[in-house]
Amino acid sequence: MTITTVQQLDMQGILKMIAVALSLPDDLVIDAANSIDISHYQECMTVLALSQTEIGSQITYDSDNEVEIIHSVNELVLSVNAYGSRAFQLISQLISSMSLSFMKQWQRQLKIGFLRSSAINTLSTEKPQQVQVELIFSISNIFKADVYIGESVQIITEVNK
């Protein structure tokens with residue numbers, strides 16, 4: 001059986017979306033899963049996929065191609081950390097921009113939808129300042145799995161005595 005991923009989280013697309021929303025260079029919005037040293041940046045942002053919880057799923061069967069298709073709708077939580085003197089402003093701007101029409105279009109391309117955000121948390125008052133927020137999105141994951149069916153079935157009946 002072969003399972004194929006048709007659609008799932010595009011972290012590079014999300015990083016690009018955040019960079020565009022905040023007018024930041026792409027290299028200042030970093031995937032936190034890559035363990036990159038950020039100490040040499042004056043300001044930057046890191047993004048980490050914290051959790052993904054299934055809300056519901058649907059399984060359909062394509063008999064012509066003998067494939068099961070699994071559509072899974074999930075709630076995705078991203079932790080976004082901003083560093084630097086403008087950290088709080090960047091996080092505030094990011095949250096506000098999620099509802100703008102061009103950001104909604106970008107989200108549609110990524111097959112995600114912004115649901116809500118957590119409270120903004122200041123994690124460090126020392127320099128550089130660190131501010132954190134969780135962004136919650138809905139995301140649709142799609143997987144296909146080959147299902148091989150038999151050409152014929154042999155039924156044997158027995159009589160119980």
Could you grab the distance from atom [atom1] of [X] to atom [atom2] of [Y], nearest 0.5 Å is fine?
X      : Y      : atom1 : atom2 : answer
Leu78  : Ile139 : CG    : CD1   : 8.5 Å
His71  : Ile142 : NE2   : CD1   : 5.0 Å
Leu90  : Asn81  : CG    : CG    : 12.5 Å
Ser97  : Phe114 : OG    : CZ    : 8.5 Å
Phe102 : Gln105 : CZ    : CD    : 9.5 Å
Gln89  : Ile91  : CD    : CD1   : 11.5 Å

Closest non-hydrogen atom pair, [X] against [Y]:
X      : Y      : value
Val133 : Ser117 : CG2-CB, 4.2 Å
Ala87  : Gln129 : CB-O, 3.9 Å
Ile69  : Lys144 : CG1-CG, 4.0 Å
Pro25  : Ala19  : O-CB, 4.4 Å

Between [Y] and [X], is there a side-chain heavy-atom distance shorter than 4.5 Å?
X      : Y      : value
Leu110 : Phe137 : no
Leu76  : Ser138 : no
Met98  : Met17  : yes
Ile30  : Val47  : no
Leu22  : Val29  : no

(Q) Side chains of Tyr61 and Glu68: any donor to acceptor distance under 3.5 Å? (A)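 There is no such pair (donor and acceptor under 3.5 Å, judged by atom type) between the side chains of Glu68 and Tyr61.
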Q. Under the 4.5 Å side-chain heavy-atom rule for ILVMFWY, direct or indirect, which residues accompany Ile55?
A.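 Members besides Ile55, by chain and number: Val73.
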Q) Under the 4.5 Å side-chain heavy-atom rule for ILVMFWY, direct or indirect, which residues accompany Leu50? A)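 When side chains under 4.5 Å apart are linked, the cluster holding Leu50 also contains Leu48, Val77, Leu115, Ile136.
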(Q) For residues Leu9 and Ile70: do they belong to one hydrophobic cluster (side chain heavy atoms under 4.5 Å, members Ile, Leu, Val, Met, Phe, Trp, Tyr)? (A)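 No; tracing contacts between hydrophobic side chains, which count when under 4.5 Å, never links both residues.
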Q) In terms of hydrophobic clustering (I, L, V, M, F, W, Y; side-chain heavy atoms under 4.5 Å; direct or indirect links), are Val20 and Ile95 co-clustered? A)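 As far as the 4.5 Å side-chain criterion goes, Ile95 and Val20 are connected within one cluster.
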Ignoring hydrogens and geometry, is there a side-chain-to-backbone donor-acceptor pair from [X] to [Y] under 3.5 Å?
X      : Y      : value
Asn74  : Ser72  : yes
Asn34  : Ile36  : no
Ser118 : Glu134 : yes

Q: Give a yes or no on whether Gln42 atom CD has more than 12 heavy-atom contacts from other residues, nucleotides or ligands under 6.0 Å away.
A: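 Counting other residues, nucleotides and ligands, CD of Gln42 stays at 12 neighbours or fewer.
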(Q) I need the single residue from Ile38, Leu94, Leu15 that forms a side chain to side chain contact (heavy atoms under 4.5 Å, CB included) with Met45. Which is it? (A)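 Passing option: Leu94.
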Q. Which pairs pass salt bridge (charged side-chain N to carboxylate O under 4.0 Å, His left out) with one or both residues in residues 23-43, sequence neighbours excluded?
A.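 Listed once each, the pairs are Lys16-Asp26, Glu43-Arg86.
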Q: Would you sort out whether Gln132 and Asn121 count as a side-chain hydrogen bond (donor to acceptor under 3.5 Å, both in side chains), showing the intermediate values?
A: CA-CA 5 Å; Gln132 186 267 344; Asn121 300 302; 3.2 Å; yes
Q.
I'd like to know if Glu75 and Arg116 make a salt bridge, using a cut-off of under 4.0 Å between side-chain N and carboxylate O.
A.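 Between Arg116 and Glu75 there is a salt bridge, with a charged N closer than 4.0 Å to a carboxylate O.
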